[in-house]
Amino acid sequence: MEITAKELASICGGSVDGDPNAKVSDFAKIEEAGPGDLSFIANPKYSHFVSTTGASVLLVSKNFEASGEIKPTLVRVDDPYSCLAKLMTMVASMQPQPKGIENPVSVGEDTSLPEDIYLGAFSYLGKKVSIGKNVKIYPQVYVGDGCVIGDDTTLYPGVKVYAGCKIGSRCTIHAGTVIGSDGFGFAPVDGHYEKIPQMGGVIIEDDVEIGANTTIDRATFGNTVIGKGTKLDNLIQIAHNVRVGEDNVFAAQVGVAGSTQIGDRNRVGGQCGFAGHITIGSDNEFGAQSGFHTNVGSNKRMIGYPAIDVKQFARNVVNMKRIAEFLAHQTHKDK
């Protein structure tokens with residue numbers, strides 16, 4: 001799709017510095033862009049590329065100031081990153097979409113398929129599965145008996161949804177993800193472990209996106225719940241009976257142990273770990289590789305293992321360096 005800088009500004013509510021008729025037809029990183037490419041600057045550390053980039057048009061913030069010669073046309077907007085996301089979503093929606101039912105597939109009794117479904121080859125739908133409008137199920141997907149899949153949801157290749165799980169509308173589940181596998185429940189009996197049947201389910205609410213090879217365990221009883229609008233990265237483990245609230249963002253390799261409750265709008269860095277049976281509030285920011293063993297309130301910024309306030313963590317790092325310098329000084333003095 002070819003579009004002018006003037007048209008970009010109109011879509012994003014911005015203004016043009018330079019040639020309003022400059023045309024772009026592709027997206028590119030600012031350091032790799034060439035003629036006909038659209039790029040952006042959202043992080044100030046990339047600002048020096050403005051004088052060397054080959055991009056035809058750059059999205060920048062309204063208060064962006066650059067030193068030196070500026071070759072590309074600038075489109076000034078409130079938020080370059082969100083504007084870029086809007087444009088990329090618009091372009092993606094224009095791409096050809098798969099349709100129809102491929103062969104072979106297996107569809108169980110009392111499972112009806114809407115006319116606009118895409119059902120990829122070697123996919124399996126169990127008995128009494130409810131499927132909404134405009135659902136896309138890619139090849140080699142397994143959907144167990146009694147599952148519910150809402151409108152406009154996409155299951156990418158190799159997704160496995162165990163029996164009785166519910167997925168809301170406008171969800172995206174990426175390849176290899178498993179929803180509804182047994183929770184890790186075993187009871188010690190006479191020196192060995194006996195399995196506790198996991199008889200609950202999983203509820204994925206509307207507008208959730210789940211990355212590749214993530215696992216969400218079914219509840220022992222009741223439901224494991226992922227709240228509306230939450231985004232989970234690749235390789236995340238959500239254990240049985242966990243409840244994750246709305247609009248959370250979890251980076252890769254986060255692990256949440258059983259029965260932990262997490263509030264809304266938390267931002268969780270990669271490889272964070274949460275112990276079981278704790279409660280986490282809302283609007284928190286947790287740095288990568290942080291560990292949580294006790295309850296946490298709301299509006300916190302924490303990092304470390306065990307996790308502490310970000311400012312205290314920074315002070316501790318400085319003090320550790322001072323200790324090392326002190327010990328080195330003492331060793332030199334003793335000599």
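Quick note: residue numbers are just sequence positions, from 1.
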Same hydrophobic cluster for V77 and M88, using side-chain heavy-atom links shorter than 4.5 Å among ILVMFWY? yes
Quick one: side-chain hydrogen bond (donor to acceptor under 3.5 Å, both in side chains) pairs with a partner in residues 265-277, sequence neighbours left out? N248-N266, Q253-Q271, R265-D283, N266-N284, R267-E285, Q271-Q289
Crowded around M94 CE? As in, over 12 foreign heavy atoms under 6.0 Å? yes
Please name all residues satisfying side chain to side chain contact (heavy atoms under 4.5 Å, CB included) with L87, sequence neighbours left out, ordered by chain then number. L8, I11, C12, F27, L38, L59, C83, M90
Given 3.5 Å as the limit, does a donor-acceptor pair link the side chain of T224 with the main chain of H240, or not? no
Is F64 close to L58 at the side-chain level, that is, under 4.5 Å between some pair of heavy atoms? no
Table please: side-chain donor-acceptor pairs of residues 158-170 below 3.5 Å, with sequence neighbours left out.
from, atom 1, to, atom 2, distance (Å)
K160, NZ, Q140, O, 3.3
K160, NZ, G158, O, 2.9
S169, OG, D151, N, 3.2
R170, NE, D207, OD1, 2.7
R170, NH2, D207, OD2, 3.1

Looking only at atom types and distance, does a side-chain atom of S181 sit under 3.5 Å from a main-chain N or O of V178, one as donor and one as acceptor? no
Checking the side chain of T111 only, and the main-chain atoms of K128 only, is there a donor and an acceptor separated by less than 3.5 Å? yes
Say whether S25 and E2, considering side chains only, have a donor N or O and an acceptor N or O under 3.5 Å apart. no
Apply side chain to side chain donor-acceptor pair (under 3.5 Å) to K133 and list each qualifying residue two or more places apart in sequence or on a separate chain. none
Pair H174 and Y138, ring centroids less than 6.0 Å apart: no
Rounded to the nearest 0.5 angstrom, the CG-CD1 distance for D182 and I196 is 11.0 Å
How about K6: does its NZ atom have over 12 heavy atoms from other parts shown lying under 6.0 Å from it? no
So with a 6.0 Å cut-off around NZ of K311, is the heavy-atom count from everything else above 12? no
Given side-chain hydrogen bond (donor to acceptor under 3.5 Å, both in side chains), test Q237 with T215 step by step and report yes or no. CA-CA 5 Å; Q237 159 67 12; T215 56; 2.4 Å; yes
I'd like to know if the side chain of T53 reaches the main chain of I30, judged simply by a donor and an acceptor atom lying under 3.5 Å from each other, with no hydrogens or angles considered. yes
Do T172 and Y156 come close enough that some side-chain heavy atom pair is under 4.5 Å? yes
Please list every donor-acceptor pair under 3.5 Å in which a side-chain atom of residues 95-102 meets a protein atom from a residue at least two apart or in another chain.
from, atom 1, to, atom 2, distance (Å)
Q95, NE2, V91, O, 3.3
Q97, NE2, Q95, O, 3.2
E102, OE1, A121, N, 2.9
E102, OE2, Y118, OH, 3.0

Would you say Q261 and F274 make side-chain contact, with heavy atoms under 4.5 Å? no
Considering only heavy atoms from C-beta outward, does the side chain of V141 approach that of I173 to under 4.5 Å? no
Between E32 (side chain only) and K29 (backbone N and O only), is there a donor and an acceptor less than 3.5 Å apart? no
Between I216 and L232, is any pair of side-chain heavy atoms under 4.5 Å apart? yes
Determine yes or no for a side-chain-to-main-chain donor-acceptor pair under 3.5 angstrom, with N241 supplying the side chain and T220 the backbone. yes
When hydrophobic residues are tied together by side-chain contacts of less than 4.5 Å, even through go-betweens, does Y305 share a cluster with V310? no
Looking at side-chain heavy atoms only, is the closest gap between S106 and Y124 below 4.5 Å? yes
Backbone of G200 reached by a side-chain donor or acceptor of R218 within 3.5 Å: yes
Do I280 and I308 belong together in a cluster built from hydrophobic side chains that touch within less than 4.5 Å? no
Could you list the residues that satisfy ring pair (Phe, Tyr, Trp, His ring centres under 6.0 Å) with F313, not counting sequence neighbours? none
Check against side chain to side chain contact (heavy atoms under 4.5 Å, CB included), V60 and D17: CA-CA 10 Å; V60 299; D17 280 1; over 6 Å; no
I131 versus V143: any side-chain heavy-atom pair under 4.5 Å? no
Mark yes or no for whether T260, through its side chain, and A275, through its backbone, hold a donor-acceptor pair below 3.5 Å. yes
Side-chain donor or acceptor of T214 paired with backbone N/O of D233 under 3.5 Å: yes
Determine whether more than 12 heavy atoms belonging to other residues, nucleotides or ligands lie under 6.0 Å from atom CZ of F49. yes
Quick check: does any side chain N or O of S123 sit under 3.5 Å from a backbone N or O of V105, one acting as donor and the other as acceptor? no
In the structure I gave you, are the side-chain heavy atoms of F292 and I262 within less than 4.5 Å of one another anywhere? no
Between the side chains of N134 and D152, is a donor N or O closer than 3.5 angstrom to an acceptor N or O? yes
